[in-house]
Amino acid sequence: MEEYLSQLNEAQLAPTIHTEGALMVIAGAGSGKTRVLTYRIAYLMHKGVDPFNILSLTFTNKAAREMKERIAQIVGKSEAKNLWMGTFHSIFAKILRFEADKLGYPSNFTIYDSQDSQRLISSIIKEMSLDKDIYKFKQVHSRISSFKNSLITVKAYFNNPDLMEADAMAKKPRIGEIYQHYVDRCFKAGAMDFDDLLLRTNELLNRFPEVLAKYQNRFKYILVDEYQDTNHSQYLIVKALADRFQNICVVGDDAQSIYAFRGANINNILNFEKDYDNVKTYRLEQNYRSTRNIVEAANSIIDHNKTKLDKIVWTANDDGPKIIVNRLPTDGDEGRYVASSIFENQMTEQRKASDFAILYRTNAQSRAMEDALRKRGIKYRIYGGLSFYQRKEIKDVLAYLRLITNPKDEEALKRVINYPARGIGATTIDKLVLAANHYKCAIFQVMEGIDRIPELKINAGTKTKLQNFVNMIKSFQVTNQTADAFTLAEEVTKKTGLVQEFKKDATPEGIARIENVEELLNGMRDFVEGQKEIDEATGSLAEFLEDVALATDLDKEVDDEDRVALMTIHLAKGLEFPYVYIVGMEEDLFPSGMSMNTRSELEEERRLFYVALTRAEKQAYLTYTLSRYRWGKLIDAEPSRFIEEIDDKYLENLTPIDSYRYKSLINTDIFGAVDKSKLRQTKPVSSTPPPSHKPTDDQLQKLRKLRPISKGSQKVDTETMNKLVPGTRVEHMRFGIGQILNIEGSGQDKKAEIKFTQGGIKKLLLRFAKLKVL
DNA sequence: TCATTGGGCTTTTTT
DNA sequence: AGCCCAATGA
């Protein structure tokens with residue numbers, strides 16, 4: 001047996017060497033699933049499987065890179081580099097580039113990021129003269145995105161009366177038309193958005209049996225990490241590719257499913273056993289990462305969820321310190337507390353800055369943390385938020401580069417055609433767009449043939465300006481034939497006047513902008529150098545742009561500087577830190593006010609909390625405030641229900657509970673009044689205590705049986721609930737005024753279907769919806 | 001056509 | 001409080 005396999009425990013070894021057939025690995029937090037995936041691939045290769053035949057889909061590019069490095073250490077670099085390993089988006093973007101002509105796309109198609117998509121949708125809404133207050137571009141985008149992720153094409157949409165009716169009821173009857181225009185415009189621009197990378201892959205595999213066969217035969221072994229976060233579109237791709245050999249291994253943890261909001265379907269993992277023949281399921285339940293206190297506290301949280309797979313996470317680690325809970329007056333104080341606590345731990349425990357992470361629910365919370373850390377002189381790095389490649393100045397440079405590789409790219413064109421200002425104004429652009437729509441071609445093509453379209457009525461001066469622009473781009477295209485990406489980019493920033501434009505601004509921000517552009521150019525130089533080492537890569541501009549489009553903030557190489565990490569909980573998935581501070585543990589923030597209306601949304605927030613807590617190896621801190629700045633205003637806050645849900649024995653409260661402030665929405669009746677007699681009622685009923693050492697199989701069986709499925713502990717005043725009958729007019733905090741159409745379910749699960757004057761029909765769980773009878 | 005200003009909107013999370 | 005966009009005047 002290979003030496004590396006001895007590093008695995010029994011539970012990890014079994015799925016690692018089970019190479020044939022379909023298997024599912026349910027892996028608790030910190031149970032070593034990455035190790036299983038890595039060694040499994042190494043093992044396959046040792047058994048003689050060609051790396052070309054292995055497809056491994058990961059959640060981030062960083063995870064892929066790290067796994068590849070690890071595998072390279074075991075099987076050798078030259079073998080490992082042939083593995084197909086990456087995110088769904090990056091792997092299938094490569095395949096789509098190769099097969100693009102079959103779908104009528106150019107192989108150098110652009111990838112639109114969310115901002116590009118939203119700008120395009122915005123302009124479509126404007127061109128259709130629709131009310132932008134009703135058709136909000138972000139909402140429309142997310143609606144279209146969800147269609148695409150469910151494989152609902154424009155045609156399918158118009159064939160589905162339910163969907164159309166739902167949009168009509170929401171006062172947005174023209175969503176379908178917007179969708180139609182959006183798809184057409186993307187296609188015409190030679191652009192795919194993020195969702196297209198999956199949708200078009202499905203199209204490719206469905207429409208072309210020979211292509212399907214080719215990739216089925218190629219990918220004899222398929223591995224999917226974070227399977228619980230795959231959406232329907234991804235699910236179908238995997239299913240199609242695995243169909244022939246059925247050598248598929250999916251790894252996931254239903255308790256860490258946190259992407260339902262972008263279409264992830266938890267049923268993919270819950271139903272895996274039905275999808276393939278003879279599925280073998282393995283469980284990794286021993287946590288190696290965290291102290292027992294943290295593991296058990298996390299278990300006590302997830303116990304509140306109804307929908308979950310049977311799984312008991314335990315650890316042999318020490319108890320460790322309790323989770324510290326602290327209440328602070330404001331968000332500023334919260335930041336100062338966290339900063340000084342980090343400072344203290346650094347001193348007393350001799351810890352590096354990189355041993356600490358501050359996790360929050362929303363990016364907006366980072367500011368208070370930053371300020372405090374900066375004042376204390378603690379180095380930090382913020383991940384996510386406005387990522388490097390989303391900054392305006394970077395996008396400006398990239399837009400020129402995009403336009404050079406794909407002149408049809410409409411969003412890139414509109415971004416730079418008059419930046420820096422060259423006298424091509426909105427009127428002219430509108431005319432061009434109109435003509436492009438009319439002739440069903442790209443704007444750039446209209447500009448090239450401007451002399452042949454006299455009806456445009458563009459005056460001679462403007463015409464010259466347009467021609468100069470076209471010629472400039474064309475000359476860059478010539479350069480692109482011979483020069484590498486870095487050389488070209490340098491020329492572009494100079495000749496377009498971008499550099500001069502940026503230099504006009506001498507403010508600190510302006511200087512930072514120039515530095516960012518320099519950093520981008522340096523990054524391109526590194527890229528060109530790096531690509532020379534890879535066989536298939538050409539170091540072309542197109543390749544660089546693809547990497548950039550699909551890069552996440554986590555992927556960016558950083559100097560090895562020792563810094564505290566600040567990020568959202570979503571971004572922290574898969575990472576671990578000795579010390580973790582989870583800040584903003586307040587109702588309406590975490591759980592988010594947007595996610596408290598249905599049980600499933602609330603359960604997702606709870607899983608998010610579970611993810612946050614299980615990032616901690618040694619010590620976790622939870623903080624909340626009494627009031628915090630939101631939307632520029634100081635507003636009152638109350639502690640998150642999630643704090644209450646953890647059994648007290650795992651917590652050390654630095655600020656004992658002040659009973660009148662400590663009210664949770666659960667205890668608030670539907671009229672908003674607080675029933676003080678019920679204040680402490682939601683303390684978790686002590687369930688079967690989690691085992692403190694490795695349980696025997698017998699014990700595990702028993703625990704699984706005893707495990708309560710639902711708590712159903714909150715009582716709601718039935719009398720007030722009974723007032724809510726169909727026809728009642730009610731007011732909701734967020735959705736405004738509406739009328740109850742229907743009531744369903746009973747007791748704790750009673751739901752009302754409500755038609756709101758604005759925002760359409762919503763189904764709300766009465767226990768959580770703060771409804772006022774009118 | 002361009003620059004400035006004021007108003008409105010934002011905050012859920014991301015490939 | 002900050003960002004983006006639209007309206008306004010030069």
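Just so we're on the same page: letters track the sequence lines, and every chain starts at 1. Basis for what follows: all heavy atoms, side chains included, without hydrogens, waters or symmetry-related copies.
Atom CZ in A/Arg391 sits about 16 Å away from atom C1' in C/dC3, given to the nearest Å. One can place OH of A/Tyr259 at 6 Å from P of B/dT15, the figure rounded to the nearest angstrom. Between the OH atom of A/Tyr610 and the C1' atom of B/dT13 there is a distance of 20 Å, given to the nearest Å. Atom CD in A/Gln256 sits about 16 Å away from atom C1' in B/dT13, given to the nearest Å. Atom P of nucleotide B/dT13 and atom CZ of A/Phe609 are separated by 19 Å, given to the nearest angstrom. Rounded to an integer number of Å, the gap from A/Ile111 CD1 to B/dT14 C1' is 15 Å. Remark: C1' of B/dT13 and CD of A/Glu603 are 18 Å apart, rounded to the nearest angstrom. For the pair A/Met594 CE and B/dT10 P, the interatomic distance rounds to 9 Å; values are reported in whole Å.
Contact annotation: A/Lys138 side-chain N/O to B/dT11 OP1/OP2 distance is under 4.0 Å. A/Asn61 has no side-chain polar atom (N or O) that falls below the 4.0 Å cut-off from OP1 or OP2 of B/dT15. Between A/Asn363 and B/dT14 there is a side-chain N or O to OP1 or OP2 distance below 4.0 Å. The phosphate of B/dT1 (OP1 or OP2) has a side-chain N or O of A/Thr427 nearer than 4.0 angstrom.
Checking A/Glu586 against A/Thr625 by side-chain atom types alone, a donor-acceptor pair falls below 3.5 Å. Between the side chains of A/Asn149 and A/Asn231, at least one donor N or O lies within less than 3.5 Å of an accepting N or O. A/Thr87 and A/Ser90 are linked by a side-chain donor-acceptor pair at a separation below 3.5 angstrom, with hydrogens and angles left out of the test. Residues A/Thr462 and A/Asn459 bring a donor and an acceptor atom of their side chains to less than 3.5 Å of each other. Counted by atom type alone, A/Asn108 and A/Thr405 present zero donor-acceptor pairs between their side chains at under 3.5 Å.
For A/Arg262, the side-chain atoms get nearest to B/dT15 when compared with the rest of B/dT13, B/dT15, C/dG2. The side chain of A/Ala364 lies closest to B/dT11 when the candidates are B/dT14, B/dT1, B/dT11. The side chain of A/Phe261 lies closest to B/dT13 when the candidates are B/dT15, B/dT13, B/dT11. Listed nucleotides B/dT11, B/dT12, B/dT15 differ in distance to A/Trp631; the shortest reach to its side chain belongs to B/dT11. When distances are taken from the side chain of A/Thr568 to each of B/dT1, B/dT11, B/dT14, the shortest belongs to B/dT14.
Judged by centroid separation below 5.5 Å and plane tilt below 30°, A/Phe88 does not stack onto the base of B/dT15.
Residue A/Ser114 is classed as a base contact, given a heavy-atom separation below 4.0 Å to a base. Note on A/Asn231: nothing from the nucleic acid sits closer than 4.0 angstrom, heavy atoms only. Residue contacts for A/Phe59: at a heavy-atom cut-off of 4.0 Å it reaches no nucleic acid atom on any strand shown. Residue contacts shown for A/Lys465 are absent, as no nucleic acid heavy atom lies under 4.0 Å away.
Using a 4.5 Å cut-off on side-chain heavy atoms (C-beta onward), A/Ile237 and A/Leu205 make contact. Using a 4.5 Å heavy-atom threshold, the side chains of A/Asp116 and A/Arg402 count as touching.
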Under a 4.0 Å heavy-atom criterion, the protein footprint on nucleotides 5-10 of chain C, written with B, S and -, is ------
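Remark: of the listed residues A/Tyr621, A/Tyr360, A/Tyr380, A/Tyr621 is the sole one forming a ring-ring contact (aromatic ring centres under 6.0 Å, His included) with A/Tyr581.
For A/Lys136 and A/Leu608, each mapped to the nucleotide of DNA chain B holding its nearest heavy atom, the one lying further toward the 5' end belongs to A/Lys136. In terms of position on DNA chain B, the residue among A/Thr87 and A/Arg422 whose nearest nucleotide sits closer to the 5' end is A/Arg422.
The P atoms of C/dC4 and B/dT13 are separated by 15 Å, rounded to the nearest whole Å.
The aromatic ring centroids of A/Tyr105 and A/Phe187 lie less than 6.0 Å from each other.
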